[in-house]
Number of protein chains: 4
Amino acid sequence: MRQKDDNKSEAILKATIELLNEIGLSDISMSKIAKRSKVSQATIYVYFASKEELLGKLYVNVKEKMSRQLLYDLNDALSTRELCERFMRNSMRYMLDNKEDFLFLEQFLNSPLMDKLCLEDTSKMFTPLYQLVEKGKQRGEIKQLETMLLLTYLYFPVTNLVKAHFKGQSEANEENLQQIIQLSWDAIKA
Amino acid sequence: MRQKDDNKSEAILKATIELLNEIGLSDISMSKIAKRSKVSQATIYVYFASKEELLGKLYVNVKEKMSRQLLYDLNDALSTRELCERFMRNSMRYMLDNKEDFLFLEQFLNSPLMDKLCLEDTSKMFTPLYQLVEKGKQRGEIKQLETMLLLTYLYFPVTNLVKAHFKGQSEANEENLQQIIQLSWDAIKA
Amino acid sequence: MRQKDDNKSEAILKATIELLNEIGLSDISMSKIAKRSKVSQATIYVYFASKEELLGKLYVNVKEKMSRQLLYDLNDALSTRELCERFMRNSMRYMLDNKEDFLFLEQFLNSPLMDKLCLEDTSKMFTPLYQLVEKGKQRGEIKQLETMLLLTYLYFPVTNLVKAHFKGQSEANEENLQQIIQLSWDAIKA
Amino acid sequence: MRQKDDNKSEAILKATIELLNEIGLSDISMSKIAKRSKVSQATIYVYFASKEELLGKLYVNVKEKMSRQLLYDLNDALSTRELCERFMRNSMRYMLDNKEDFLFLEQFLNSPLMDKLCLEDTSKMFTPLYQLVEKGKQRGEIKQLETMLLLTYLYFPVTNLVKAHFKGQSEANEENLQQIIQLSWDAIKA
DNA sequence: AATGAATGAGGATTCATTCAT
DNA sequence: TATGAATGAATCCTCATTCAT
């Protein structure tokens, strides 16, 4: 018998994410995905039980890849400040290098679909990050506040910078990066 | 001859925003909007030329209302720090009191539809805010950085707190609000 | 506004029954029905909420018409034997004149769809018939057995004769009709 | 080389008949049959050239089995009346013991599919029965009418009793059986 | 023999929109 | 203004069947 072709599955996922960025969740359709990925519509259903499952799996896929890249090289040898910097740097790198993935996540996270597809919790992907911040708190280098709140200041400034960059309203360059690293550090440091 | 009925127009907009929050941009349809707002499908076209126009007008509507509330009472008598605080407080108040509006905006802003509907620029709605930050910069109370970047630190921490609140992961109370006000101030102050 | 067009509704029902006789429940489809009745597929949904509802309403329609014809002129002036004869005669007349209706009913009644579509009970349509048989029992002209069982002998011989006729295996003529009338009477008479 | 596996073929036929009784000719599909019989869809095509052939072979299978059981022990030693009784008794036994087979036949016979699949004539399966009735006619014990017509009175009362039994409207017990045996004999006896 | 992969065609239903009143 | 009727195009998904192993 023929073997399942990973290329096909990936072509479908790739086409999906492309289209999601071009036309969005509101206008995407299985037929457009099929056309773009050059398989028959029916073939999509060989790999994914439904449109929802396709989107859900895409989300988990992308999120996993993202977490790997955001957490890259956050080793214990670094100081808390350096860890923060590296995380923000990783984040910007990721968002710039994976524009489509990043924008898809933003779109998906803000859609009610997200809740509808009771997806497995992805927060555990970021536990290393929590631990990092908590260690900083223990050392007294970071304010004694909820970890989630502190992380907000490490992640969303990057998000906004990169989005502004994509819209041509700002530039995601080293200079701006260093600025937000400084601002965020000023915000959370003890 | 009967006049266009504002109630009907508003019923349609209200139904639309409700549905957008319940089922999202991807699943909304004119027939669902008609059913929810208790008018005929055809009636929607008396008030809005197309689905896209309906969504576009809804966006502008909501955005206007939002800007009014966020900028409320930001008068010159206040210190820069007080202005920041008031803005963040306004923001949280708005998001909590207008959950559906707020979440709609988030969903809409992150969707490619946003770009497709070449909507009139809404940034001018917030010019008072820019001026406020710029005045702070001139006085040397705030870091000499791009205004947009600085504003990021006033807006998104609130956004994130309230979203976490809606998800039951945190609580948007006075205590947490004061914390982020402090953090954000630490970030942007000179 | 445009008025609902009864012709359209009936055209759809007519097309449905025609197709059910030509290709059967197993092969019928909304698109074929649309094509045959010369309306858009979507138009069918203006009149019927779903394929199932369409079939269900068709069934009730046809059954009503049938009961009217089978019970035609079964008046009290007739003797029990005459009533039986008239009923069987009515039945044959109906089946021959409404071949499609009759065969549709046979097909439908023997399909699991019948049970799936919890249709309103149609047995009450035939209460006059029950009463007729019961009166015969009271008079001692008919065997003292379950009414339903006795009715079986009045209805199914006709059914089978007409079906055989349609298949070219027999002929539904006066001679054969009189024969089964006699046989059935011999069966049920006291 | 492996041999064709009778178990598999039978599993497919069994699954088909089950599904036909559950969801009917209108909703059955090769994929559902495959799932139910726990073979691959493609495997069905090893045993049956097409869906139509599958249904056709199933029909012939079931019909053969049925004729064997209906004609069981109709030997010459019995009187005509006894033969009729035995045939009706066999019929009821068969229908009760092989509910699915019986209901499938009823469904199939009343569907246009029956005609479409030009199936080999199955009437010859019942020649013993014809001969039996004809002998009765020759002996002057049975009315001088078309054999097919007379047989109707032996078969369909049973059919109806058992169907009513399955619907919970009557009971297919010895008492009711004896009643219809008597009625049918009254109908056809000379 | 057996089957997972693959697919074009078609399934039921809903879409956004227009028409006629 | 307001709306029920109408529809061509599109929706998601399943169909019967074939292919390659």
Side-chain angles (χ1 to χ4, degrees), chain A residues 1-6 8-9 26-34 38-54, chain B residues 1-5 7-9 12 26-35 38-54, chain C residues 1-6 8-9 26-34 38-54, chain D residues 1-9 26-35 38-54:
Chain A
M1 76 206 117
R2 250 184 279 175
Q3 286 306 309
K4 228 184 231 188
D5 187 349
D6 260 6
K8 232 156 223 160
S9 169
S26 57
D27 288 320
I28 205 169
S29 75
M30 295 304 256
S31 79
K32 286 172 187 162
I33 294 170
K38 285 172 187 155
V39 299
S40 161
Q41 269 197 67
T43 303
I44 302 180
Y45 290 87
V46 172
Y47 295 89
F48 305 96
S50 66
K51 190 187 176 188
E52 291 198 349
E53 191 189 291
L54 166 55
Chain B
M1 184 179 56
R2 272 169 287 173
Q3 293 300 312
K4 274 197 195 177
D5 184 351
N7 290 339
K8 246 170 204 145
S9 169
I12 293 165
S26 57
D27 287 321
I28 205 168
S29 76
M30 294 302 255
S31 79
K32 286 172 187 162
I33 294 169
K35 204 161 285 172
K38 285 173 186 156
V39 300
S40 162
Q41 280 195 60
T43 303
I44 302 179
Y45 288 86
V46 172
Y47 296 90
F48 306 96
S50 67
K51 189 186 176 190
E52 291 197 349
E53 191 190 290
L54 166 55
Chain C
M1 75 206 120
R2 250 184 280 178
Q3 287 306 312
K4 225 183 233 183
D5 186 349
D6 260 6
K8 231 156 223 158
S9 170
S26 58
D27 286 320
I28 206 169
S29 76
M30 294 304 255
S31 79
K32 286 173 188 161
I33 294 170
K38 285 173 186 155
V39 299
S40 161
Q41 270 196 69
T43 302
I44 302 180
Y45 288 88
V46 172
Y47 295 89
F48 305 96
S50 66
K51 190 188 177 187
E52 291 198 349
E53 191 190 291
L54 167 55
Chain D
M1 181 180 53
R2 273 170 286 173
Q3 291 302 312
K4 274 198 197 181
D5 184 348
D6 262 3
N7 290 340
K8 252 178 196 134
S9 169
S26 57
D27 287 322
I28 206 168
S29 76
M30 295 302 256
S31 79
K32 285 172 187 162
I33 294 170
K35 205 162 285 171
K38 284 171 185 156
V39 301
S40 161
Q41 282 195 57
T43 303
I44 302 179
Y45 288 86
V46 173
Y47 296 90
F48 306 95
S50 67
K51 190 187 175 188
E52 292 197 348
E53 190 188 292
L54 166 54

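Reminder, nothing fancy here: chain letters follow the sequence lines and each chain counts from 1.
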Could you state the interatomic distance from [atom1] ([X]) to [atom2] ([Y]), rounded to the nearest 0.5 Å?
X	Y	atom1	atom2	value
A:Leu54	A:Ser50	CG	OG	8.0 Å
D:Glu53	D:Ile44	CD	CD1	12.5 Å
C:Ser31	C:Gln41	OG	CD	5.0 Å

Quiz item: OP1, OP2 of F:dA5 versus side-chain N and O of C:Lys8: anything below 4.0 Å?
Solution: no
Quiz item: E:dA2 phosphate, OP1 or OP2: any side-chain N/O from D:Tyr47 under 4.0 angstrom?
Solution: yes
Tell me the interatomic distance from [X], atom [atom1], to [N], atom [atom2], rounded to whole angstroms.
X	N	atom1	atom2	result
D:Phe48	F:dT17	CZ	P	13 Å
B:Ile44	E:dA16	CD1	P	9 Å
D:Lys38	E:dT3	NZ	P	13 Å
A:Glu53	F:dC13	CD	C1'	14 Å

Quiz item: Which range-with-range stems can be found for DNA chain E when each stem has 3 or more Watson-Crick or G-U pairs in a row and both distances sit under 3.5 Å?
Solution: E:2-21 with F:2-21
Self-check item: Set of side-chain contact (heavy atoms from CB on, under 4.5 Å) partners for A:Thr43, sequence neighbours left out
Solution: A:Lys8, A:Val39, A:Ser40, A:Tyr47
Practice problem: Produce a footprint string for nucleotides 8-15 of chain E: one letter per nucleotide, 5' end first; B if the base is under 4.0 Å from any protein heavy atom, S if only the sugar-phosphate is, - if neither. | Solution: B--SSBBS
Self-check item: Pair D:Ile28-D:Lys51, side-chain contact (heavy atoms from CB on, under 4.5 Å): steps then yes or no
Solution: CA-CA 10 Å; D:Ile28 206 168; D:Lys51 190 187 175 188; 3.9 Å; yes
